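By convention in this document, chain letters (A, B, ...) are assigned in the order of the sequence lines, proteins followed by strands, and residues within each chain are numbered from 1. Computed from a predicted structure; not experimentally measured. Atom set for the values below is all heavy atoms of this structure, side chains included, hydrogens, waters and symmetry mates excluded.
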Amino acid sequence: MEPISGDALRGHLETMALASLEQGEAHGFEILRRLTEAGCGALRLKEGSLYPALYRLEKAGLIVSDWEDESAPRRGPRKRVYRLTRRGTGRLAAGRVEWQRFVQVVGTILGAPA
Amino acid sequence: MNEFMVLVERAVRPVQAGPNKLTRMREELLAHLMAIHEEELARLDDESAARAEAIRRFGDPVVLTAELQQSVKWNDRIDARLNRVYGWRPGESAARYSARLALLPALIVLSWLPFALVTAGFRRPHDGTAPTTADLLRLFGGVLVFAPLIVFVLSMLSIRMRDAMFGAFGARRSWRRVVGLAGLSLLAFPVLGLLFFQVSLGDIDVMADQLTTTTSLVASFVGYLFVPLYLVWLVWKAGPGQIRYAEWASLDIGQ
């Protein structure tokens, strides 16, 4: 499968991050791992770019975050754990509807309906 | 780890945000970069190849800076501006930083000078109950000197206390020193307060006679006790963040 990267991903990353968090709270690396797994390795994302997307989602109140439990054993620097808010869940549902409509319209134009 | 820190710092340092936000970005990005490295090391079993792959996967720091900047809130931008003026700057000594911090109350007090002069102008001649212009200016001068002075002293004490509490910036970790500095901060308010009254209001003996009762002394002591307690609490809470920020901000990123 051809890798999907750069511009093709831009604009969808935030909704994909919300979808990833629907499976449960996670830190950035875990969110990416879930996305990579779900995308069967076809996603090619510059990984640092995930964090600005997470910050934008947090700014919009769609996710919240906290530093991981300080008492838990860890190696290296602290990680921040993100989780979906009620608004985020609503936004994800709306994102799915938008996406289906987008695929339907563009698919029809391209002669390859979904 | 240092190479990764430099890469992260290249992306984060130019972002216009307050110190807390910047430290959060740094720590999260570094944790991510190290996790990628660990994953690649397990896969490739070659340190330098894993390192190169981690850097490639992480992405271009210049592009990341622009993306991070777009994610910053308006209040973080205000934080960044305040921090640029009043925050600690890499390589700056405690005394110089405290002096800059003390400038803030001085400027606030100075901005009230026209108001004080106008108020003095309203005084009717031969009105013994209202303060004279000289009295007002004396009081004003006292506030102008002692408000920045107390900020300077408390800032110096808190910095020294932080360094002793966490053994930071070459200081030896010593709780005895923390307690000593807290004791000094206990003295700061009464000593500077007395000096302020002496300089600004004169007649300290009359005031002392009127104010020195057992109740007032006990109340003052209990009140002053909050100064060292608050300072120790503040240093305990904010110290680690300040130290982390200073370590990152002092990193040589070769730019």
Check the surroundings of atom CZ in B:F169: do more than 12 heavy atoms from other residues, nucleotides or ligands lie under 6.0 Å from it?
yes

For B:R43, what residues pass the salt bridge (charged side-chain N to carboxylate O under 4.0 Å, His left out) criterion, not counting sequence neighbours?
B:E40

Please look at A:L57 and chain B and tell me whether the side chain, the backbone, both or neither of the residue comes under 4.5 angstrom of a heavy atom of that chain.
neither

Rounded distance [0.5 Å steps], CZ in B:R57 versus CG in A:L32
8.0 Å

Could you name the residues of residues 69-105 of chain B that have a heavy atom within less than 4.5 Å of a heavy atom in chain A?
B:Q70, B:S71, B:V72, B:K73

Hey, which of B:H32, B:E28, B:R24 is the one that makes side-chain hydrogen bond (donor to acceptor under 3.5 Å, both in side chains) with A:Y51?
B:H32

Under 4.5 Å to a heavy atom of chain A? For B:I36 that would be both

Between atom CG of B:L30 and atom NZ of A:K79, what is the distance when rounded to the nearest 0.5 Å?
10.5 Å

Is there a side-chain contact between B:D60 and A:K46 in this structure, where contact means two heavy atoms from C-beta onward sitting under 4.5 Å apart?
no

Is it true that, when you exclude A:W67 itself, more than 12 heavy atoms of the residues, nucleotides or ligands shown sit nearer than 6.0 Å to its CH2?
yes

Which of residues 19-28 of chain A get closer than 4.5 angstrom to chain B, counting heavy atoms alone?
A:G28

Side chain, backbone, both or neither: which part of B:R26 has a heavy atom under 4.5 Å from chain A?
neither

Contact residues of residues 83-92 of chain A (partner chain B; heavy-atom separation under 4.5 angstrom)
none

Test side chain to side chain contact (heavy atoms under 4.5 Å, CB included), reference A:P52, set B:T65, B:V15, B:L64, output is B:L64

